[in-house]
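The structure appears right after this line, and notes come after that.
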Amino acid sequence: MADVFEVDRYDAAGRLGELEVPRAGVTVETPALLPVINPHLQTVTPAELESEFGAEILITNSYVLYGSEDLREPVEQQGLHELLDFSGAIVTDSGSFQLAEYGEIDVTSEEILDFQYDIGSDIATPVDIPTPPDVSREQAESELATTEDRLAAAAEVDTGDMLVNAPVQGSTYPDLREQAGAHAAQSGLDVFPVGAVVPMMNEYRYADLVDVVSAAKRGLSESAPVHLFGAGHPMMFALAVALGCDLFDSAAYAIYARDDRYMTVRTTEHLEDLAYFPCSCSVCSAHTPAELRSLNGDERERLLAEHNLHVSYGELRTIKQAIRRGSLMELVEARARSHPAMLDGYRALLDHADRFDECWNVQPPFGPFPTELADGYPLTA
Ligand code: GUN
Ligand code: ZN
């Protein structure tokens, strides 16, 4: 496919861009959040995501649909857009995550790619192997070779105007990640997710995450659209954007809501511990924490998921505005103060700053401090 990604402006390695998704007939503004939709269990429906949150893109799992007794036939007949009732871009994952969790899946990369095409996916994913952190070099190399074979096979398939993801693996070996990035860039595929980072994020290994993403970025071409697979806590969006990631997906908003966890841009709070909501979204303006606690489980879960989404989309708007203003690194630094592990990630980002020379539009590590507030009032008299 011809180039589908255009960068409008940089701050650090973060950028505002536009991803053209031809099969959906839409252009998605980046950085973008892709809420994960579980087709069986829609805490917030795709139609609501579109109308209430302005979602232009979402992600769902084709392997779940492929193996579903009640949804496989409907999705084959109606297509994904009608089944989910969503007119934006729909990305489908392939079952790789299930492969990593359960050790095997009963479909080949070719079969699941065909299925994704048949159900009308806009951006499909081959079955890559999400090699976990810290495995032996032999394992990382041999699984990467399998992933690369599958990307090559995917590039041979006629996928029409559907875009195809080329996941970048390589475990915690920066040289393998860089090589994987370079290989993916030459594959002829379209979008470049950095994979198998969920275990790192779960263990708060943000410095390792930064090293892995930087390495993948060195291999990829500067103009490649990059997706950080499974990054869903708004606390880390600014850091990830400053590294040059354009797309994020996560089920965190829904999974957290299920057990009464309330996201902020700095922390995760338990509903039980909140006397006040530190947020002015529609949910937090209309309810107190005590009121939310008194609701039945489903209703509480839905409202918490909505709040979690409001915070996530709000943080993306904050990030986009910071890029416009040239103050992204100040935002990253502020977010890094929320957790010692985030601070490690921020320091690792600064260590890599020289590699982003070509796209800094400010002097690293910070731009000049603003001498005026945004609305024009001077800071000093
Ligand atoms: N979701 C989270 N991590 C991954 C990954 O490494 N590969 C794929 N295909 N999906 C993911
Ligand atoms: Zn809120």
Side-chain angles (χ1 to χ4, degrees), residues 34 36 38 44 52-53 59-64 91-102 105 107 109 112-113 116 121 123-133 135 140 143-144 146-147 150-151 154 164-172 177 180 184 189 191-202 209 212-213 216 226-232 234 245 247-253 255-257 261-265 267-269 271 274 276-289 291-292 300 302-315:
L34 289 61
V36 174
N38 177 340
V44 179
E52 309 286 313
F53 296 88
I59 184 166
T60 192
N61 198 310
S62 64
Y63 182 67
V64 169
V91 181
T92 45
D93 205 347
S94 55
S96 293
F97 197 66
Q98 283 76 5
L99 177 69
E101 289 285 302
Y102 311 116
I105 53 173
V107 69
S109 191
I112 200 71
L113 264 182
Q116 292 172 78
S121 172
I123 307 180
T125 310
V127 181
D128 55 307
I129 314 260
T131 309
V135 301
E143 291 183 359
L144 179 56
T146 305
T147 293
R150 290 177 184 173
L151 301 191
V164 179
N165 275 323
V168 176
Q169 298 290 346
S171 183
T172 21
R177 289 281 184 171
L189 302 181
V191 179
F192 303 91
V194 179
V197 291
V198 171
M200 280 176 231
M201 293 187 287
N202 288 345
L209 174 78
V212 155
V213 174
V226 176
H227 178 160
L228 193 59
F229 256 147
C245 298
L247 306 166
F248 310 90
D249 72 277
S250 178
Y253 73 97
I255 294 170
Y256 282 34
R261 284 181 291 168
Y262 176 101
M263 289 170 159
T264 78
V265 293
T267 56
T268 307
E269 306 284 345
L271 180 60
L274 290 175
Y276 306 95
F277 282 138
C279 169
S280 339
C281 81
S282 53
V283 175
C284 300
S285 308
H287 304 273
T288 64
E291 280 166 18
L292 224 60
R300 197 171 68 236
R302 194 176 58 77
L303 291 173
L304 280 172
E306 282 180 16
H307 157 80
N308 289 342
L309 282 167
H310 279 298
V311 178
S312 301
Y313 281 106
E315 178 68 352

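Every number for a ligand or one of its atoms is a count from 1 in the order of the listing. When reading the values below, keep in mind they use all heavy atoms of this one structure, side chains included, and skip hydrogens, waters and symmetry mates.
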How far is [atom] from its nearest protein heavy atom, and which residue and atom is that?
{"atom": "atom 3 (N) of ligand 1", "answer": "Phe229 CB, 3.7 Å"}
{"atom": "atom 7 (N) of ligand 1", "answer": "Asp128 OD2, 2.8 Å"}
{"atom": "atom 2 (C) of ligand 1", "answer": "Phe97 CD1, 3.6 Å"}

Looking only at the side chains, is there a donor atom on one of Thr92 and Ser121 sitting less than 3.5 Å from an acceptor on the other?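 Yes.
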
How many degrees, to 10°, between Cys281 SG and Cys279 SG as seen from the Zn ion (ligand 2)?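 Approximately 110° at the metal, rounded to tens of degrees.
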
List ligand 1 atoms under 4.0 Å from Ala196, heavy atoms only on the residue side.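 Near Ala196, the atoms of ligand 1 are 3 (N), 5 (C), 6 (O).
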
To the nearest 0.5 Å, what is the distance between [atom1] on [X] and [atom2] on [Y]?
{"X": "Tyr313", "Y": "Glu52", "atom1": "OH", "atom2": "CD", "value": "12.0 Å"}
{"X": "Glu101", "Y": "Ser96", "atom1": "CD", "atom2": "OG", "value": "12.0 Å"}
{"X": "Ser250", "Y": "Leu34", "atom1": "OG", "atom2": "CG", "value": "10.5 Å"}

Using 2.8 Å as a strict upper limit, say whether an N, O or S atom of His310 approaches the Zn ion (ligand 2) that closely.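 Looking at His310, which is the residue asked about, there is no N, O or S atom under 2.8 Å from the Zn ion (ligand 2).
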
Determine whether Asp249 and Val91 make a side-chain contact, defined as any pair of heavy atoms from C-beta on separated by less than 4.5 Å.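 Asp249 vs Val91: side chains apart.
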
Ligand 1 and Asp93, any nitrogen or oxygen pair closer than 3.5 angstrom?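 Yes, at least one N or O pair falls under 3.5 Å.
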
Fit a plane to each ring of His307 and Phe277, take the angle between them on a 0 to 90° scale, and name the class: parallel (under 30°), tilted (30 to 60°) or perpendicular (over 60°).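 Parallel, since the angle between the ring planes stays under 30°.
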
Starting from the Zn ion (ligand 2), look over the N/O/S atoms of His307 and name the nearest one.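 The nearest such atom is ND1.
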
